[in-house]
Amino acid sequence: MKASNFFLPIRREVNEVSISAKIMLKSGMIQKLASGLYSWLPMGYKIMSKIENIISEEFENMGFNRMCIPTLHPADLWKESERYDAYGKEMLRVFDRKNNEFIYGPSAEEPCVDMVRQANINKNNLPINLFNIQWKFRDELRPRFGVVRCREFYMCDGYSFHETVDQSSKFYDDVFKGYHRIFKKLGLEAIAKEAETGEVGGLKSHEFHIPSDVGEDEIEINGSNKSSLELGHIFLLGDRYTAPMKLSITNSENKQFPLIMGCYGLGVSRIVAAMIEKYYNHESDSIVWPIDFAPFAINIINADMKCENCINLSNEICNKYKNIAFYDDRIISVGQKFTASDMIGSPIKIVIWPKELKNGLVEIRFQGKKENIEIEKIYEYVNNIMQF
RNA sequence: CGGGGCGUAGCGCAGUCUGGUAGCGCAUCUGCUUUGGGAGCAGGGGGUCGGAAGUUCGAAUCUUCUCGCCCCGACCA
């Protein structure tokens, strides 16, 4: 990708309080559209998509099937589960042209139960494990901290259906472990904590927190109370939804009993904010992404746009690594390119200086080291890091 | 929803108290000089001061209403 073809509005100044919101706005990842509503610009969307993919993969590894539920749900479904009134003003209600009432889903237990119950299943179909990654809306009293506590957010929500509580509970434990694997992959050290089931209901639940400055909860970490940020929450729901919504199967004695359900949430857009806080360095005012989810693993900085050889080499490297390289081909000072580079956060930076190039060398920066290597060895060097 | 604050150029802000038809930095455009970590000089463009009503000869500035946004609290999967 060339900078000249990529919409990346980096800002010098931004009026924001929380670190993640400030960096995300500054670095051109997001823009505010209204209170609690953020547009994801190309760079931010790339990052979120990478995280989404990692989460999606792990959910599939755990045995979930990915599907997708609309953002709008018929209000009647939520009346069936008796959450329509319980959810209150946080739930956004909309009416279509026929004056039918819908809600913009703050979660998706109801339509998911409906999805399974329409399928007319028997015990041989069990277990059924589904998940979707979809936008949710909660009309928060006070949105804040950018995408940490916004109104429209991107959430991964899984739903499991088993015959017995024991089976459901065992799966719950598997997901519990799976969550730790996901957080580890993302480089986040999440702490699980038994929690209230609250509004959602059910038999038990666990929250997953990371220590954070923009946290909203307090949990005990290493003996002291730190405010923390909740990134995920899993629930063993029992028949909280399946009973009122009549999702049941018939046993050999011709008796009907409701399925045992679990639900598993992960705040994808919130995780992006958490990761900014993790991978942003205050002293250098820069981001360094791990290779696995860097929006661009390689940043090519051409120091002299008048140097033909520099341009040719930059183009060559950029073409070679089309999908993972970001070539700053703008006709601006090197200093500005470095500043942009600090915000882009590519772990591998290739700087092409005209004087070094004359000696057949280019500069590569990786993991805090800066070294000049011969042109012929660039690909070997990069492939080695990328494990190609 | 209670308390506080803000809305002036793309971004960040001053000007408001004490009314006299708008200013700074960055960005942008033009030209020249520069070019190894946000270059320098010169010149230019861009704002019905969130909106409405009122007071006044005259309102960014005063009054009332309204909309939007932020912070603290309460609330929160």
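Quick note on labels: first sequence line is chain A, next is B, and so on, each numbered from 1. Please read these numbers as outputs of a predicted model, since none were measured by experiment.
- Across all strands shown, A:V351 has no heavy atoms under 4.0 Å from either base or sugar-phosphate atoms.
- Contacts of A:A34 with the nucleic acid, taken as non-hydrogen atoms under 4.0 Å apart, involve only primed sugar atoms and P, OP1 or OP2.
- When both pairing distances are held under 3.5 Å, B:A77 makes no Watson-Crick or G-U pair with any nucleotide shown.
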For this session: Apply ring pair (Phe, Tyr, Trp, His ring centres under 6.0 Å) to A:F176 and A:H206, showing your working.
Result: CA-CA 8 Å; A:F176 183 94; A:H206 282 88; 5.1 Å; yes
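- Using a 4.0 Å heavy-atom distance criterion, A:T339 is classed as a base contact.
- Listed nucleotides B:A77, B:C72, B:C69 differ in distance to A:E109; the shortest reach to its side chain belongs to B:A77.
- Across all strands shown, the partner of B:C24 is B:G12, judged by Watson-Crick or G-U wobble contacts whose two distances both fall under 3.5 Å.
- Counting only heavy atoms from C-beta on, A:S107 has its side chain closest to B:A77 among B:A77, B:G36, B:C76.
- A salt bridge links A:R83 to A:E109: at least one charged side-chain nitrogen sits closer than 4.0 Å to a carboxylate oxygen.
- Between A:R66 and A:E60, none of the side-chain N atoms (NZ, or NE/NH1/NH2) sits under 4.0 Å from a carboxylate O, so this pair counts as no salt bridge.
- When both pairing distances are held under 3.5 Å, B:A59 makes no Watson-Crick or G-U pair with any nucleotide shown.
- Donor-acceptor pairing under 3.5 Å is recorded for the side chains of A:E371 and A:Y381.
- Using a 4.0 Å cut-off between a side-chain N of Lys or Arg and a carboxylate O of Asp or Glu, A:E207 and A:K193 qualify as a salt bridge.
- Atom CG of A:L25 and atom P of B:C70 are 11 Å apart (whole Å).
- Comment: A:R117 engages A:D114 in a salt bridge, judged by a side-chain N to carboxylate O separation of less than 4.0 angstrom.
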Please list, pair by pair, any protein nitrogen or oxygen found under 3.5 Å from a nitrogen or oxygen in nucleotides 39-47 of chain B.
unit_1: B:A39; atom_1: OP2; unit_2: A:S333; atom_2: OG; d: 2.9

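- Residue-level contact check: A:K306 touches the bases, meaning some heavy atom is under 4.0 Å from a base atom.
- Nearest-nucleotide positions on RNA chain B place A:P143 closer to the 5' end than the other of A:F235 and A:P143.
- The side chain of A:V200 approaches B:A77 more closely than any other nucleotide in the set B:A77, B:C72, B:C76.
- Across the protein-nucleic acid pair, A:R149 atom CZ and B:G73 atom P stand 12 Å apart, rounded to whole Å.
- Here A:K26 pairs with A:D285 in a salt bridge; the nearest charged N to carboxylate O distance falls below 4.0 Å.
- Remark: side-chain polar atoms of A:S4 are not paired, donor with acceptor, to backbone N or O of A:D329 under 3.5 angstrom.
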Exercise. Nucleotide by nucleotide, 5' to 3', does protein get under 4.0 Å of the base (B), only the sugar-phosphate (S), or neither (-) in nucleotides 8-15 of chain B, counting heavy atoms?
Worked result: ---SSS--
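- Contacts of A:M305 with the nucleic acid, taken as non-hydrogen atoms under 4.0 Å apart, are absent.
- Using N1 to N3 plus N6-O4 or O6-N4 for Watson-Crick, or N1-O2 and O6-N3 for G-U wobble, each under 3.5 Å, B:U48 pairs with nothing.
- Rounded to an integer number of Å, the gap from CG of A:L37 to P of B:C70 is 10 Å.
- Across all strands shown, B:G43 forms a Watson-Crick or G-U wobble pair with B:C29, both key distances being under 3.5 Å.
- Within residues 75-88 of chain A, the residues that have a heavy atom under 4.0 Å from RNA chain B are, in order of number, A:R83, A:Y87.
- Salt bridge absent: A:K306 and A:D304 never bring a charged side-chain N and a carboxylate O closer than 4.0 Å.
- For the pair A:I332 CD1 and B:C26 C1', the computed distance is 15 Å after rounding to whole Å.
- Residue A:D342 is in base contact, counting any heavy-atom pair closer than 4.0 Å across all strands shown.
- A:R144 places its CZ atom 20 Å from the P atom of B:G5, with the value rounded to the nearest Å.
- Counting any heavy atom pair closer than 4.0 Å across all strands shown, A:E356 reaches a base atom.
- Contacts of A:P106 with the nucleic acid, taken as non-hydrogen atoms under 4.0 Å apart, include base atoms.
- The CZ-P distance, from A:F338 to B:G38, rounds to 10 Å in whole Å.
- If you check B:C17 for Watson-Crick or wobble pairing at under 3.5 angstrom, you find it has no partner at all.
- Annotation: cation-pi geometry not satisfied between A:K136 and A:Y154 (NZ/CZ under 6.0 angstrom from ring centroid, within 45° of ring axis).
- Applying the Watson-Crick and G-U wobble criteria (two distances, each under 3.5 Å), B:C69 pairs with B:G5.
- Both stacking criteria are satisfied for A:W353 over the base of B:G36: a centre-to-centre distance under 5.5 angstrom and an angle between ring planes under 30 degrees.
- In this structure, A:K50 is not positioned above the aromatic face of A:F293 in the sense of NZ or CZ being under 6.0 Å from the six-membered ring centre and within 45° of the axis.
- Distance A:L203 CG to B:A77 C1': 16 Å, rounded to the nearest Å.
- As rounded to whole Å, 18 Å separates atom P of B:U34 from atom CD1 of A:I331.
- A:N125 contributes no side-chain N or O that, together with a main-chain N or O of A:I121, makes up a donor-acceptor pair within less than 3.5 Å.
- A cation-pi arrangement, defined by a distance under 6.0 Å to the six-membered ring centre and an angle within 45 degrees of its axis, is absent between A:R138 and A:Y87.
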